[in-house]
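Contents: one structure, followed by commentary.
For ligands, and for the atoms within them, numbers begin at 1 and follow the listed sequence.
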Amino acid sequence: MKKGRIKEIISRLEEYSGSRTSKRKKINLLDLLIATKLSQNTTDKTSYIAFKNLKNKFRNWDEVSSASLPEIRSEIKVCGLADKKSADIRNMLREMKENYGKLSLEHLRKYDDDKVYEELLQYKGIGTKTVSCVLAFGMDRPVFPVDTHVHRILNRLGIVDTKAPDDTFAKTKILIPDDKKIAFHTNLIKFGRSVCKAPKPLCSECVIFDLCGFKDKKYYCEFNAGKVKKNDFIILENL
Ligand code: SF4
């Protein structure tokens with residue numbers, strides 16, 4: 001796909017979904033990592049409630065690291081996979097305490113991107129997308145996190161032709177301009193929830209219809225015309 005088309009898609013989705021800048025207030029990196037972990041396989045709204053519950057119940061992450069699993073679980077059960085997430089979060093906090101002597105990730109700000117990936121990927125339950133979110137939303141690095149929405153839409157558009165989000169992540173490193181990476185990621189997620197949905201995209205309502213290479217787009221124009229329901233809450237924009 002030509003760079004001009006990508007630029008036009010980025011610009012129209014900025015208009016449609018509203019995120020334009022990557023600059024944001026400084027966020028505590030461990031808060032960000034745990035919020036992103038909670039948001040795996042669930043909605044941003046429920047993971048935000050789970051994150052707030054944890055912050056209200058425990059004074060700090062040290063208290064979470066020494067809490068019982070049922071105590072942690074009951075605060076985050078709203079966001080699903082609570083058994084796994086409780087165990088992963090508590091184990092991760094305990095390992096970090098051992099590795100760094102305290103529960104803080106602020107030292108990562110001194111590292112380059114590769115070193116941050118290497119450091120955080122050692123923890124169970126933390127994948128490339130989660131680390132990319134820490135880099136993008138916590139450190140304002142020009143990184144383009146790829147989740148299932150982003151992967152699906154970029155393949156439908158024909159910007160990439162890949163099988164898995166990690167392949168899309170590798171391909172898009174040079175395709176998306178650095179100063180647009182974070183806002184484009186956010187706009188694609190909002191767009192993927194409301195219009196370019198997983199089972200039935202609402203192609204008749206699409207602001208980038210003419211730029212899309214999806215072969216079934218005319219077929220999908222017949223479904224659910226006019227039924228766009230916006231869902232613009234992004235947890236990482238609200239910490
Ligand atoms: S035309 Fe359809 S498939 Fe293509 S981006 Fe728009 S909603 Fe998605």
Residue from D179, V150, L154, T172 passing side-chain contact (heavy atoms from CB on, under 4.5 Å) with F184: L154

Metal site atom 2 (Fe) of ligand 1: N/O/S of C203 inside 2.8 Å: yes

Atom 8 (Fe) of ligand 1: the protein heavy-atom neighbour that sits closest, reported with distance to 0.1 Å: C196 SG, 2.4 Å

Distance filter under 4.0 Å to C206 heavy atoms, resulting ligand 1 atoms: 1 (S), 5 (S), 6 (Fe), 7 (S)

K230 charged N/C atom sitting above Y16 aromatic ring, 6.0 Å / 45°: yes

Ligand 1 contact by Y220, heavy-atom criterion under 4.0 angstrom: no

Atom 6 (Fe) of ligand 1 to nearest N/O/S of C212 below 2.8 Å: no

Enumerated ligand 1 atoms positioned under 4.0 Å from heavy atoms of R156: 3 (S)

T43 and T46 side chains, donor-acceptor separation under 3.5 Å: yes

Sidechain-backbone polar pair: E106 side chain, L29 backbone, donor-acceptor under 3.5 Å: yes

Salt bridge (Lys or Arg N to Asp or Glu O under 4.0 Å) between K181 and D178, worked out: CA-CA 5 Å; K181 281 185 164 130; D178 280 354; 2.6 Å; yes

Subset of ligand 1 atoms that lie under 4.0 Å from at least one heavy atom of F214: 3 (S)

Lys/Arg cation over aromatic F144: K173, 6.0 Å, 45° cone: no

